[in-house]
Structure formats: structure tokens, C-alpha cells
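See below for the structure under consideration.
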2 protein chains.
Amino acid sequence: MLSQIHSHPVLHECHTCEPRGGCLGLQLLNSPEARQQLCNAKKISCKAEHVFREGEDADCFYVVRSGSIKSYLVTQDGEEQVLGFYLPGDVFGLDTTAAQQRMSSAILLETTSICRFPHAYLTDMAQGSALLSIAAEQMQRDHNLMLMLARKDADGRIASLLDDLACRYWSRGYSASAFLLTMSRQDIGCYLGLAVETVSRTLTRLQECGVLKVNRREVEILDHAGLRKMAGTRVNSVAVEYCQKVVLRPV
Amino acid sequence: MLSQIHSHPVLHECHTCEPRGGCLGLQLLNSPEARQQLCNAKKISCKAEHVFREGEDADCFYVVRSGSIKSYLVTQDGEEQVLGFYLPGDVFGLDTTAAQQRMSSAILLETTSICRFPHAYLTDMAQGSALLSIAAEQMQRDHNLMLMLARKDADGRIASLLDDLACRYWSRGYSASAFLLTMSRQDIGCYLGLAVETVSRTLTRLQECGVLKVNRREVEILDHAGLRKMAGTRVNSVAVEYCQKVVLRPV
DNA sequence: CGATTCGTTGACATGCTTCAAACTTCGTGG
DNA sequence: CCACGAAGTTTGAAGCATGTCAACGAATCG
């Protein structure tokens, strides 16, 4: 039985909180009162608990403080479609219907700490447009996923995912060359539209090519440029910087 | 050589404009002045012209008045990925980067009339949240596409597209049973992640099943329930109503 | 009327899924 | 602490859906 993540609040000061790379959410709050309120809104909880489920009423969005989150839908015939993974610093939970209901479910992939941003603190115009620009960021990620699903083969999809994770970890101050996959092969498959077996086989193949090393959930990227070439990723500003500093100048 | 759609403004009064089903954009403008300004912002233009291209500066979004629009990206290796099709009443052009640049390109599929909504008219809080809810609608469509690309076979994808179009035409007061595909097989393929040949073959197959009749771009849906069953579409509010009134009670 | 674009159909190649089985890791309870 | 079962991962073999290549017919346009 899964309990709601809201059950055991853990209080922290905002200024001690630093998802490396900065808290996107904080940019949305310009009044000191709002920030103060926010300090009471940190929650931490364990693997496999839901932050929210599709259809629930939504009065807030979230920022990942540490850990990781999986966003997903359940199809008509009970299958899962993963929409994305959120890492520290990422905003999630913006996708609500006009009636303020959740359009997707969000579940913890590991022990995770998140921040709650009630919509009530955001009644200010500037914040509305900031929200919109975060929503736009989300859309861009979505577009990338569509592109991947529509045009790439298994190698390209896996390479894309790993390149994306590397890039995002790097932009937050973590290593781009070695990290842990917090999601299962199953999750990866549901995200990329591949069977688990294909995910496993593809990782093995990339390893044989010398592009990376995999052991269960541990990944080490040996050839960033090669990986990116296989991925055929469209560039964005973060990726460009990542590329210049990491891909082209091996660490 | 493609000229910009902004070249030949055609002026109309807002009150004479009625994409059947209503103009979503109008809900965003509550001041009479804004509406007045808007009346000068209608444009009409011909097939294959661009409304905007990826990377251009964005100071407005659009509503389709009549005709249809294709939104797309170009991949690294020059291939096209169609993101969606917009029909009369639809809002498009909301997906801009934080730096207010277009994240995708939009091109006319036929002779089309659109309305321009400059961002300058929307500096008001209530409108910010209205925009966000339209963005959310867009996200929901995106989610459906991802789901389709990741989980459905060719039959399911084509059935989904047709069911979606039928539903959207119906909700705007047009026939849900017979309509024209304004996009080419190529466009459909780029949207659904299928080869042109597969699109063609699948349409033929659906015809042989007696679900529909196709002749070039003319489509007649003979068995709405069957089509929807093949599509395995996730329900949304419009679709539910469409389902009750059209699918379950054959026209 | 020819040239071009678009749509359809066939034959073949291939990459992914499915089915099956073995192995590892982890949690639980004896 | 070990035994056991469940869940996650890997690997192999076979089937199939879709992509690719090629040719042809139909519509459109100048």
C-alpha cells in the first residue's frame, strides 16, 4: 500500500537547498513571503511512492531537490507509457488540465526529496510567464522524445537517453561520464517504446562498440562524441555548452 | 520562393469570424481595445507558405480561422518530424523558447486564414493562466502522440489519427464521418513515424476491413466504433461526448 | 500535352518483438 | 544466517511488422 508523499514533511531552509545548478522553482517566487512559505513545503520520501496520480486535483507543482522521479501515463489496455524522468533541479507537475487535474502520474524512482510550490503563491503576472517558459521547456523535451520515437532505431534511442542524462547531470554539476541509472530497464523500455530485451541487448551492443561500460545500473560513458553521434540529438543551449566542454574535450 | 504570410493582410471584424465551435483565442482577450486591435490582425494566404520558422523571433501566437496548418521540426540529418496538425479554432505558436524564439516551424497545408495574437495584448494575469491552460492542452496532444509512437502499430496509429481528426471536426460542427485529409501521405508518415508506403497500405487495409472508405484524400468513416477500438485512444472530455453522440449511435 | 508530384502495390531485407530459459540481486521469513 | 521466492537482467531462437527498393498509375500544373 502506497502512502502519499505528503505524509512526513521534513523542514529545511531554502538557502540550504541547492540542487546543483540551481532551483528553477525559486525564480518563480519574487516575494519574500512566498519564499518563507515554501520553506515549509519540503517533503522527502521513499522509492515507489507516488507524488500524485493522473486525475487528482492539482494545486501545486514540484521541484526535485534530490533523487529522481518518473512521469507516466497508463494506456487504455493497462500498459504504461513513461513521459520523462526528472532529476534534481527539474520542475514537474505543470501539466494539468483546464480543470486543474493531473494529466499524468509521478512516482519516485528512489529515495527522493522534493519541494512543493502551491499555485497560490504564483498569482503574479511575471510568474505566469515564467511558468509558461518552463512549460515551453517541457514541450521541447517532449518534442525530442517524439522525434526519437518516430525516427530513431533502438541504438539511437538508447544513445539519446544516455546523452541526455549525461548532459543534464553535467549541467547540474555532477559527472557526465559516470552515473547511476535510477530507472529500471522496464522503465527505459516504456519511455523509449522498446521491449526490455531490446534495451538490454542495445546496452550490451554499445558496450561492445566501446562507447560505454554498463554494469546493471552503473553507466560509464567512454566516448561522448561517439555516443552523441549515434544519438543524432538536436542541439539546445545547454547541450551546446556540454558539447564544447565535455564531448569535444574528453575528460 | 515562399513569401511570408504577413504580406497581404485581409481585414475582418471579429464578430463575423467564427471557426465553428468558437475561437479559443478570444477567451484570452477581455479588454475591448485588445479585441479591436485584433481585428486588424487577420491574414490569409496560400498553400505551402510558412507562418513562421524555427528560430525566428516570436511576438505572437495564432488561431486558425479556416484551412489547416502543419507544425514540424527538421532533424539533424535533414528529415522532417511533423508535430501536429491544426484545424479551425486551434491555437498554435505557443511553443517558444525562454528567449522568445520559435521552437518549431508552421506551414499552410491549403489556402488558410489565421488570426494573429500579439503577446503585447496579453500582459494581464488572468490571461497568463489561460495561456498556460492552452499550453497544457497542447501537452496533452503531445502525450497522445508519444503514446502512439511508442506503443501502437501502424493500424493503431492511422486509426488514432483518423479518430482524432473525426473527433476534432465533429467538435467544430463539421461532419465526423466524411472529411478531406488536407495533408499528404508523406506528412502523415512524418507525423506517425511510418514510411509513406506503410501509410498507404494501412489505409487500404482499413478499407478492406470495412472500417472506412478512402479515395486519395477523401475519407469516409463507416464504423466509428471499430475505428476507435483499433485506435485504442485514451479518452478526454471532447472525445467522450463525441463518443456518446457519434461513435455509439452511428450517424 | 509532357513533366512532375503524389499515391499505390509488390518483392525482399531487416530490426524489433515475442517466447523461453538461465542467472543475479534483493527482500522476507523460517 | 540461510533458504526461498519474487523481481530484474541477460541471452538465444524464431516470427513478423515495417522499412527499403522499384515500378507503375493517377492527378496536377504549366
Side-chain angles (χ1 to χ4, degrees), chain A residues 1 46-48 70 75 77 79-82 107 109-111 148-162 180-209 212-219 230 232, chain B residues 1 46-48 70 75 77 79-82 107 109-111 148-162 180-209 212-219 230 232:
Chain A
M1 187 74 51
C46 301
K47 184 172 174 173
K70 172 179 84 175
T75 66
D77 33 293
E79 282 181 291
E80 184 175 307
Q81 172 60 37
V82 173
I107 193 170
L109 288 171
E110 57 188 319
T111 299
M148 198 147 80
L149 294 172
R151 312 227 80 84
K152 294 181 189 168
D153 59 10
D155 286 16
R157 296 186 201 185
I158 295 284
S160 268
L161 172 63
L162 294 177
L180 228 59
L181 295 173
T182 59
M183 66 296 285
S184 68
R185 300 285 189 271
Q186 180 78 46
D187 288 337
I188 296 177
C190 286
Y191 178 57
L192 300 177
L194 299 171
V196 226
E197 295 93 329
T198 307
V199 174
S200 185
R201 267 187 264 269
T202 305
L203 284 171
T204 307
R205 195 179 321 132
L206 292 188
Q207 184 167 236
E208 286 163 356
C209 293
L212 46 84
K213 252 179 20 192
V214 199
N215 186 305
R216 310 284 292 174
R217 303 220 170 167
E218 298 158 23
V219 176
M230 302 188 72
Chain B
M1 187 74 48
C46 299
K47 184 173 175 173
K70 172 179 83 175
T75 67
D77 32 292
E79 282 182 291
E80 183 175 308
Q81 172 61 37
V82 173
I107 194 171
L109 288 171
E110 58 188 317
T111 299
M148 198 146 81
L149 293 173
R151 313 228 78 85
K152 294 181 191 170
D153 60 10
D155 288 16
R157 295 186 201 185
I158 295 285
S160 269
L161 173 63
L162 295 177
L180 227 58
L181 295 174
T182 59
M183 66 295 286
S184 68
R185 299 286 191 268
Q186 180 77 46
D187 288 336
I188 296 177
C190 286
Y191 178 58
L192 300 177
L194 298 171
V196 232
E197 295 93 330
T198 307
V199 172
S200 187
R201 268 187 263 271
T202 305
L203 284 171
T204 307
R205 195 179 323 130
L206 292 187
Q207 184 168 235
E208 283 163 358
C209 293
L212 47 83
K213 251 180 20 191
V214 199
N215 186 306
R216 311 282 291 172
R217 302 217 171 170
E218 298 157 24
V219 175
M230 302 187 73

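Atom CG of B/N215 and atom C1' of D/dA27 are 11 Å apart (whole Å). Distance CZ (A/R151) to P (D/dG19): 10 Å, rounded to an integer number of Å. In this structure, CD1 of B/I188 is placed 16 Å from P of D/dT18, rounded to the nearest angstrom. Rounded to a whole Å, the CD atom of B/E218 is 15 Å from the C1' atom of C/dC6. Look at CD on A/E197: it is 13 Å from P on D/dG12, rounded to the nearest Å. Between the CG atom of B/L194 and the C1' atom of C/dC16 there is a distance of 15 Å, rounded to whole Å. The CZ atom of A/R185 sits 17 Å away from the P atom of C/dC16 (whole-angstrom rounding). In this structure, the CE atom of A/M148 is 14 Å from the P atom of C/dC16, given to the nearest Å.
Between A/T198 and C/dC16, a side-chain N or O to OP1/OP2 separation shorter than 4.0 Å is absent.
Among the heavy atoms of the strands lying under 4.0 Å from B/G193 are primed sugar atoms or P, OP1, OP2 only; no base atom is included. A/R157 comes within contact range of no nucleotide atom at all, as no heavy-atom separation falls under 4.0 Å.
The base of C/dG15 is not paired with the side chain of A/R201 by any donor and acceptor separated by under 3.5 Å.
When the nucleotides C/dG7, D/dT10, D/dT18 are ranked by their closest atom to the side chain of A/S200, D/dT10 comes out on top. Residue A/T204 has its side chain nearest to D/dT11 when only D/dT11, C/dC16, D/dT9 are considered.
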I would like to know whether B/R157 and B/L149 meet side-chain contact (heavy atoms from CB on, under 4.5 Å); could you show each step before the answer?
CA-CA 7 Å; B/R157 295 186 201 185; B/L149 293 173; 4.0 Å; yes

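Note that SG of A/C190 and CD of A/E80 are 5.0 Å apart. Values are rounded to the nearest 0.5 Å. Atom CZ in B/R205 sits 10.5 Å away from atom OG in B/S200 (nearest 0.5 Å). One finds the CG atom of B/L194 at 11.5 Å from the CZ atom of B/R201 (value rounded to the nearest 0.5 Å). With rounding to the nearest 0.5 angstrom, the OG atom of A/S160 is 13.5 Å from the CZ atom of A/R151.
Map A/R216 and A/R205 each onto its nearest nucleotide of DNA chain C; the residue landing nearer the 5' end is A/R205.
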